[in-house]
Amino acid sequence: MKKHQFDASRFRVKEGDTIDLSKISTKGSKEELTKSQSTTALSDDNEFLAEAQERLYAEGNRALLIILQGMDAAGKDGTIRHVMHGINPQGCRVHSFGPPNKEELAHHFLWRPMPYLPARGMISIFNRSYYEETLVVRVHPELLIPQKLPAVKSLEASELQDLWKSRYREIKYFERTLADNGTTVLKFFLHVSRDEQKSRLLERLVNPDKAWKFNPRDIEERKRWSDYKTAFEDTISATSTKDAPWFIIPADDKWYARAAIADIIASELESLDLKFPEVGKEQLLRFGEYIKELQRD
Ligand code: AMP
Ligand code: MG
């Protein structure tokens with residue numbers, strides 16, 4: 001058994017729980033982990049994950065889908081860089097979801113992620129995901145216009161409640177089919193405070209090496225903080241299931257969030273009990289022959 005720094009169940013949203021983000025701290029407890037401990041904890045988990053990924057690939061019948069969501073500057077990119085550090089790039093794919101293109105808009109919103117889902121033996125990471133369809137699209141319902149949905153007759157918030165509910169239901173069924181097909185689905189919400197977002201956006205504006213990350217839209221979206229909060233609360237409450245749980249990660253300290261996420265993924269992979277395929281008796285005999293043949297060569 002691997003030693004875990006975190007109790008993953010502390011962050012997990014139980015099916016049916018109603019989430020109020022203002023009651024959940026954006027800072028991790030220092031008693032659980034200090035900054036200096038986090039470096040060792042993360043590198044332990046990196047090592048574990050690299051080996052687990054090899055077993056997952058060798059076994060070739062299960063898969064892992066990791067979804068990262070959060071406000072702008074919540075630390076999604078840095079999490080991917082640090083948590084996946086040391087993993088064989090051949091066994092892992094990252095897909096970032098920006099605004100959908102014309103072809104994607106013309107299809108059901110769950111058509112879009114299909115090509116990026118992990119094949120058996122693989123890990124896929126979604127940097128944002130189809131969840132944007134109940135987050136940014138809910139905050140900006142005009143994004144529904146080019147989707148031309150027959151059920152949408154008006155963009156009034158009160159008229160759209162059924163649409164979000166049906167999207168939650170569809171997502172739950174979709175993730176259930178993934179789980180039934182051997183894909184572990186883990187969803188992380190990087191929970192940052194409004195103050196921390198402000199200081200990260202300011203950092204992008206004053207530090208020339210970070211300026212490339214700055215997008216004026218982030219300032220506009222920040223004005224809608226409380227609408228996003230509601231959209232996240234409703235989405236997470238409605239779609240955290242046993243098959244595809246949400247984890248709410250305090251993300252004001254980047255080092256804490258990274259260590260926690262790596263440790264939760266490690267716990268979940270550990271519970272899959274991944275094994276290298278066994279070499280059978282007959283195969284061993286054949287290997288003996290191959291050895292002799294190579295030695296004669
Ligand atoms: P970034 O993660 O900074 O590269 O930004 C990606 C942008 O794409 C964000 O503003 C998202 O809200 C937006 N986005 C992602 N998915 C969708 C979607 N389905 N519809 C509209 N906008 C989206
Ligand atoms: Mg951005």
Side-chain angles (χ1 to χ4, degrees), residues 65-84 93-117 124-149 151-152 155 157 160 163-164 166-168 170-171 174-175 187-194 196-207 209-236 238-239 249 251 254 257 261:
L65 173 62
I66 298 167
I67 292 181
L68 296 175
Q69 290 284 170
M71 300 292 283
D72 294 309
K76 299 183 285 294
D77 301 271
T79 298
I80 296 174
R81 200 167 63 243
H82 285 83
V83 172
M84 304 320 278
R93 281 172 80 186
V94 180
H95 186 72
S96 298
F97 287 72
N101 63 29
K102 232 176 127 189
E103 193 183 12
E104 288 162 343
L105 284 167
H107 283 86
H108 188 279
F109 77 101
L110 291 173
W111 179 85
R112 191 180 182 202
M114 293 290 181
Y116 311 107
L117 291 172
S124 284
I125 304 170
F126 286 178
N127 184 355
R128 304 184 189 268
S129 65
Y130 44 84
Y131 277 101
E132 292 291 329
E133 289 292 331
T134 66
L135 299 167
V136 68
V137 181
R138 175 158 162 189
V139 175
H140 300 281
E142 66 279 8
L143 291 171
L144 287 168
I145 298 170
Q147 298 195 14
K148 298 185 181 157
L149 302 176
V152 174
L155 297 181
L160 290 172
L163 177 73
W164 313 129
S166 90
R167 286 192 164 178
Y168 299 147
E170 287 174 317
I171 289 174
F174 172 62
E175 290 175 346
K187 306 178 293 198
F188 296 95
F189 170 65
L190 282 87
H191 186 29
V192 280
S193 62
R194 204 161 178 269
E196 180 60 24
Q197 190 203 45
K198 177 175 164 181
S199 81
R200 291 184 192 178
L201 292 178
L202 280 170
E203 177 68 15
R204 290 178 182 183
L205 287 164
V206 298
N207 181 343
D209 292 349
K210 296 201 173 174
W212 63 274
K213 277 195 170 190
F214 180 75
N215 182 345
R217 263 205 60 184
D218 296 349
I219 304 285
E220 290 310 305
E221 296 310 290
R222 180 176 162 79
K223 294 180 186 152
R224 308 293 303 272
W225 187 274
S226 87
D227 295 328
Y228 272 106
K229 177 176 169 284
T230 310
F232 271 115
E233 287 171 340
D234 288 356
T235 296
I236 294 172
T239 59
I249 308 294
K254 290 176 180 173
I261 293 175

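Along the sequence shown, residues carry numbers from 1. When a ligand or atom number is given, it counts from 1 through the structure's own listing order. All figures in this text were calculated on a predicted structure; none of them were measured in a lab. Keep in mind that the numbers below use all heavy atoms, side chains included, and drop hydrogens, waters and symmetry copies.
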Atom 4 (O) of ligand 1 protein-contacted, heavy-atom criterion under 4.0 angstrom: no
Protein residue, atom and distance nearest to atom 19 (N) of ligand 1, heavy-atom basis: E133 OE2, 2.8 Å
Main-chain N/O of V139 paired with R224 side-chain donor or acceptor, under 3.5 Å: yes
Structural part of K76 in contact with ligand 1, heavy atom criterion under 4.0 angstrom: neither
Pick from G70, A73, G98: the one approaching atom 17 (C) of ligand 1 most closely through a non-hydrogen atom: G98
Short N-O contact, D72 and R128, less than 4.0 angstrom: yes
Donor-acceptor pair, side chain of R200 and main chain of A73, under 3.5 angstrom: yes
Nearest non-hydrogen protein atom, atom 8 (O) of ligand 1: P99 CD, 3.2 Å
Protein heavy-atom partner closest to atom 12 (O) of ligand 1 - residue, atom, separation in Å: E132 OE1, 3.2 Å
Ring-ring centroid check F126 Y116, cutoff 6.0 Å: no
R112/E133 ion pair, N-O < 4.0 Å: no
Any N or O of S129 closer than 3.5 Å to N or O of ligand 1: no
R112 and ligand 1 - part of the residue with a heavy-atom distance under 4.0 Å: side chain
For Y130 against L65, the heavy-atom pair lying closest together: OH-CD2, 4.3 Å
Contact (N/O only, under 3.5 Å) between R128 and ligand 1: yes
contact_flag P100 ligand 1 heavy-atom lt 4.0 Å: yes
Member of E104, K102, E103 meeting the side chain to side chain contact (heavy atoms under 4.5 Å, CB included) criterion with P100: E104
Region of L143 engaging ligand 1 - heavy atom pairs below 4.0 Å: side chain
Under 3.5 Å: donor-acceptor pair, side chain of K213, backbone of R204: no
For atom 22 (N) of ligand 1, the protein heavy atom that lies nearest, with its residue and separation: V136 CG1, 3.6 Å
